[in-house]
There are 2 protein chains.
Amino acid sequence: MLRSFRELCAQHGIAVTHQRQVLYETMQSMCGHPSPEEVFAVVKQRIPSISLATVYKNIHLFVESGVFRELSMHHGTLRVEMNAQPHHHMVCSVCRKVEDLPDEQLNVQALQPVLPSGFVVERVSVDVIGVCADCKSRPN
Amino acid sequence: MLRSFRELCAQHGIAVTHQRQVLYETMQSMCGHPSPEEVFAVVKQRIPSISLATVYKNIHLFVESGVFRELSMHHGTLRVEMNAQPHHHMVCSVCRKVEDLPDEQLNVQALQPVLPSGFVVERVSVDVIGVCADCKSRPN
DNA sequence: CTGATTGCAAACGGTTTGCAGGCTT
DNA sequence: AAGCCTGCAAACCGTTTGCAATCAG
């Protein structure tokens, strides 16, 4: 379970640099889902000369090599829901296309979430993440 | 079911303008979840003089007044998942804070989604959307 | 008539890129 | 030694804002 950063890098085929190691440790130590700017501010305390570009490059490297994951598979730009029916989404992890999935096709009531008290639920949204038929058949 | 745009505006307390009406009709007619730029390109065919700023202003107005909804409740900036355990999310619709919800606290296997053939599922991600305790207690 | 809405252009904020020098392997 | 990685500054792109002219109620 407790493995060194060197091993982790070897496993993912990426070089071990000081910036990379401090960034990794910092991200692991931060709770929640901080933004790149927030991570940058903390890393800067240990490496004052680090640049924001390096933080971005390495966060992407970590995500691409599978060390971390992206929080949301959705598009980066504003997307609006015009479908007024209750429904959920199928998201393609390759092309990021989002398709609707009618609520009846999912047994959402069965979820029965155990939540901390104080959180007032408005609705439950399910994303079925995978690879769409188009991306599956496309060679690349 | 079939109600006029005038009625819809009256109901939401917003003024009826030509741009607004064409934008609404265009968005309703586009399938999927087009970006503001994509909507703009289509609306421009009917109103060549319309500006992108107007499209943005009105999409926001539609979302604020409840005519449409936002596709994803997540932050606009890049957020990374450092928690390697299988889990889901509780998202506050007010402050957009995201908290983790361990997979065991949700009966996800019970969902049994009915999917179109050709879609290969990687995982199912559940967002429990609501208002967190902090935002609930905060007066504003 | 009054306030809301529009189109424009400039500003903005988060993110990416090109590049010269430095570090890892 | 070869190539990857860093820091910098400029570019980028989606989005927002300020403003004067125009429109809806």
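Note on naming: letters A, B, ... go to the chains in the order of the sequence lines (proteins, then strands), and numbering restarts at 1 for each one.
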Once side chain to side chain contact (heavy atoms under 4.5 Å, CB included) is applied, do any residues pair with B:P116, and if so which ones, sequence neighbours excluded? A:M90
Taking only residues two or more places apart in sequence or in another chain, which ones pass side chain to side chain contact (heavy atoms under 4.5 Å, CB included) with A:S125? A:R123, A:D127, B:D127, B:I129
With sequence neighbours left out, write down each residue that passes ring pair (Phe, Tyr, Trp, His ring centres under 6.0 Å) with A:H74, or none if nothing qualifies. none
With B:F40, which residues qualify under ring pair (Phe, Tyr, Trp, His ring centres under 6.0 Å), at least two apart? none
Please tell me whether A:S51 and A:T54 have a donor and an acceptor in their side chains that are separated by less than 3.5 angstrom. yes
Do we see a donor-acceptor contact under 3.5 Å between the side chains of B:Q105 and B:H87? no
Could you run down nucleotides 4-11 of chain D 5' to 3' and tag each one B, S or - for protein heavy-atom contact under 4.0 Å? -SSBB---
If I take atom [atom1] in residue [X] and atom [atom2] in nucleotide [N], what distance separates them, rounded to the nearest angstrom?
X: B:Q21; N: D:dA24; atom1: CD; atom2: C1'; result: 14 Å
X: B:F62; N: C:dT5; atom1: CZ; atom2: C1'; result: 13 Å
X: A:F40; N: C:dT16; atom1: CZ; atom2: C1'; result: 15 Å
X: B:K44; N: C:dT6; atom1: NZ; atom2: C1'; result: 13 Å

Does a side-chain N-to-carboxylate-O contact under 4.0 Å join B:R96 and B:E70? yes
N-O pairing of A:E25 and A:R20 below 4.0 Å: no
Identify each atom pair where a protein N or O and an N or O of nucleotides 1-3 of chain D are less than 3.5 Å apart, giving names and distance.
none

For DNA chain D, whose closest nucleotide is more 5', that of B:R6 or that of B:H60? B:H60
